[in-house]
Structure formats: structure tokens, C-alpha cells
Amino acid sequence: MKIWKKTAFLLLFVLSVCLLEPMAGQPVVSATSKTREKLDRTQKEKENLQDKLDETNDNLGNLEGKRDTLEKELDYLKGQLETVVAGLEELERQIREKEQEITDTQEALEEAIETEEWQYANMVAMVRCMYERQEDSYLGTLLTAGSFSELLNMADRIEKVVAYDQRMLQEYKENRMLIQEHEARLQQEKIELGELQDKAEAERDKVSDMISQTSTSINKYANQISSAEKKAMEYEAEIKKKEEDLEYLEKKLAEEIALSQAAANGVWRNISEVSFSEGDRKLLANLIYCEAGGEPYEGQVAVGSVVINRVLSSKFPDTVAGVIYQSGQFSPVASGRLELALAADKATNNCYRAADEAMSGVTNVGNCVFFRTPIEGLSGINIGGHVFY
């Protein structure tokens, strides 16, 4: 608003000068009421547009804040999802290992059962041999002993064989029971792992849904930001048009042309004497995007050349940032559109290429330090939709 108030003051000052009594020998110059009404009306319309532009920029700031918050939330959710997926993969690995353990245990159990059955069958066969077959019976074997000492030895051996068989059968039974218990424990652990896997999959699905919803919200805010930015550009264009409608444009143009001529005749640095700061390339490329994004490549180079020409001229700030942010020089700075472009780095490859050329000293507009859309009576170098002077 300060810029427009200053402009209004300047207009009133010019009008007051025009209405003063003329000096002797000078023709009378006065502003008609119709002109005054037109100036007042145009000024009010421009101020109204500026208010709308400010409101749109505030809305843009709010939307960007919400978008940034959602993007941080999205990053957090993505990290959470990575953790859940990693945990799920670990559970799946443990389940696979558990299943392999169960398979190995079941095979061992089958082998133990077979061994136990084999041992039991051997004991049955021995019992039958000892008590059912007379020629090989336990009593018959003892009766074949030649002496009492031999009889005792034979009885002792038979008892040891029987005791060994019984002991081995008991061991096989215990081993089989241990394997069965191990299998049961593995099956229970598998069930528990399966339950954890179900929970992890549910959590993964939940986080995935949240990511999808957050992404949708970000896209919604991105669309709203794009729409608000479009409105800002429209208001900016209307403000430009109102400015061009104002009669003080002639005075402003005269000042710019005088400054351009003074710059041309003033002291200029060589491009080799300029030290560019970090971020100058991005800043210049995004200004080119805002001012000439829809222009042919030559027009983009020309806009970049104007900025660098000012940096080289002693009549302007000596840095890219100083030139671009100099008060009242570039409308995308005042409207906030440049900051939006910088936040998203909207500059195209051609805009960056044009910035590189300009920063290397290339100029296709000579020493021009101003540009605007063509208007009647303004001459200069015409490239695309701009005239450079």
C-alpha cells in the first residue's frame, strides 16, 4: 500500500504544479476535471486490486504453510512405513525359519518314532524268542550251561541284554517326547509370529492409507496454490495495466530512460570483476521464469542480461540480489510471485540456461537496464513481448 500512496501523492503533486499560475510568457497548462476524475478512479481501482493481491498473497502463505506441514507429515509417515515394512520383512524371515525348524523337527520326530518302534519290535522278538520257542528259550539256554558258573554268567548276560533293550526303549521314548514338545513349542511360536505379522500388515495398510490421504491433501493444496498464484498473476497484470493507464507513466518512463542513458554513459565493471554469491543462479533463473517464462529463449536471455547489466552498472546495486530486490523494480517481487517460484524452484532448464549465459557476460540487449511490455511512443530493442531500453 505504501507504494500506491506514494504514487497518489506524486500524482497530486504533478496536478498541483499544473494548476499553479504560469510564469510570464508561458502558456497556461491545466488538468481538466475529467482527467482528474479518471486519475482518481484509476488510482482507487489500482488500490482495490492491490488489496485483493495482498489478500491472495496472504491466502497463498496459509496454503503453503498447510502444504509444508503436510509434506513434513508425509515424510514422517514414509519413514514410519519403511520401519513397518522392515519389521514385516523380519517377521516373514523369522516365520520362514520357524517353518523350516518345524519341518526339520517333524522329520526328526518321524525318525525317532521309527527308532522307538524298531526298538520295541526287537524287544518283542526277544521276549518271544525267550519264552515261546523251546529250543531258544531262556530256560533252554540256561540248561545248556556246562557248570553252575557258566549258568550264572549266561543269566547275567541275558539280564544285561534285556536291561539294555529296556533302557534304550525308554531313551527313545523320552527323545520322542522331547521332540514332540519342541514341535509343539515351535508351532506355538509360529502362531505368535503369524499374529505379529497380521498386526504389522494391518499397520502397514493403515500407514499406506494415511500416506495416500496425505498425498491427496497435498495435491489439493497444490491445486489451490496454483489457482491462487494464477489469481495473483491476474491481479498483477491488472495492476500493471492500471499503471500504464495513469498519466504519470510518461514521467516514470522519462526517469527510466534518463537513468538508462546515465548508466550507459557511466562506469561499468567487467563481468570478470563480479563475484556471484551462492543462490544467485537460482534467484536469477526464477526471476526470468516469472518475467519471461512464456517468452522465447532470446527473451529469457534478454531479461537475464538486464539484471546483469544493472549489476555491472555503477547506477544500480552491485549484486544480483540487490538488483532484483531493489524497491519497486520487478513486479513479481512486490506481488510475492517470485518467492513462490523460488520455494518450488519453478525455473525451467531454459531459464537456468539463460541465467548462465547472462552471468557469463552474454547480452543480446546491449547495455539496456529496463524492459516492459511495448507501449506507444517507447522505442528500444523488441524481443518477444517486451521492449528493452
Does S212 use its side chain to pair, donor to acceptor, with the backbone of S208 at less than 3.5 Å?
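It does not hold such a pair.
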So, does S277 use its side chain to make a donor-acceptor pair with the main chain of D280 at under 3.5 Å?
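Not confirmed, S277 side chain does not pair with D280 backbone.
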Can you tell me which residue pairs pass the salt bridge (Lys or Arg N to Asp or Glu O under 4.0 Å) test with a partner in residues 305-331, sequence neighbours excluded?
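The answer is none; no pair qualifies.
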Please identify each residue that fulfils side chain to side chain donor-acceptor pair (under 3.5 Å) with N309, with sequence neighbours left out.
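Not a single residue meets the side chain to side chain donor-acceptor pair (under 3.5 Å) criterion with N309.
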Going by side chain to side chain donor-acceptor pair (under 3.5 Å), name the residues that satisfy it together with E295, two or more places apart in sequence or in a different chain.
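Not a single residue meets the side chain to side chain donor-acceptor pair (under 3.5 Å) criterion with E295.
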Hey, what else clusters with M233 if you join Ile, Leu, Val, Met, Phe, Trp, Tyr whenever side-chain heavy atoms sit under 4.5 Å?
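Reading the cluster by chain and number, M233 sits alone, since nothing else belongs.
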Remaining members of hydrophobic cluster (4.5 Å side-chain criterion), L186
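ILVMFWY cluster around L186 also holds I102.
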Short N-O contact, E90 and R93, less than 4.0 angstrom
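Judged by the 4.0 Å cut-off on N to carboxylate O distance, E90 and R93 do form a salt bridge.
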Who passes side chain to side chain contact (heavy atoms under 4.5 Å, CB included) against T69, sequence neighbours left out?
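T69 satisfies side chain to side chain contact (heavy atoms under 4.5 Å, CB included) with no other residue.
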Does any donor atom in the side chain of N270 or S272 lie under 3.5 Å from an acceptor atom in the other side chain?
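Checked: N270/S272 side chains pair up, N/O donor to acceptor below 3.5 Å.
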Quiz question: by atom type and distance under 3.5 Å, do the side chains of Q100 and D104 form a donor-acceptor pair?
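Indeed, the side chains of Q100 and D104 share at least one donor-acceptor pair under 3.5 Å.
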Rounded to the nearest 0.5 Å, what's the gap from CZ on F330 to CZ on F371? Could you check?
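Taking CZ in F330 and CZ in F371, the distance rounds to 5.5 Å.
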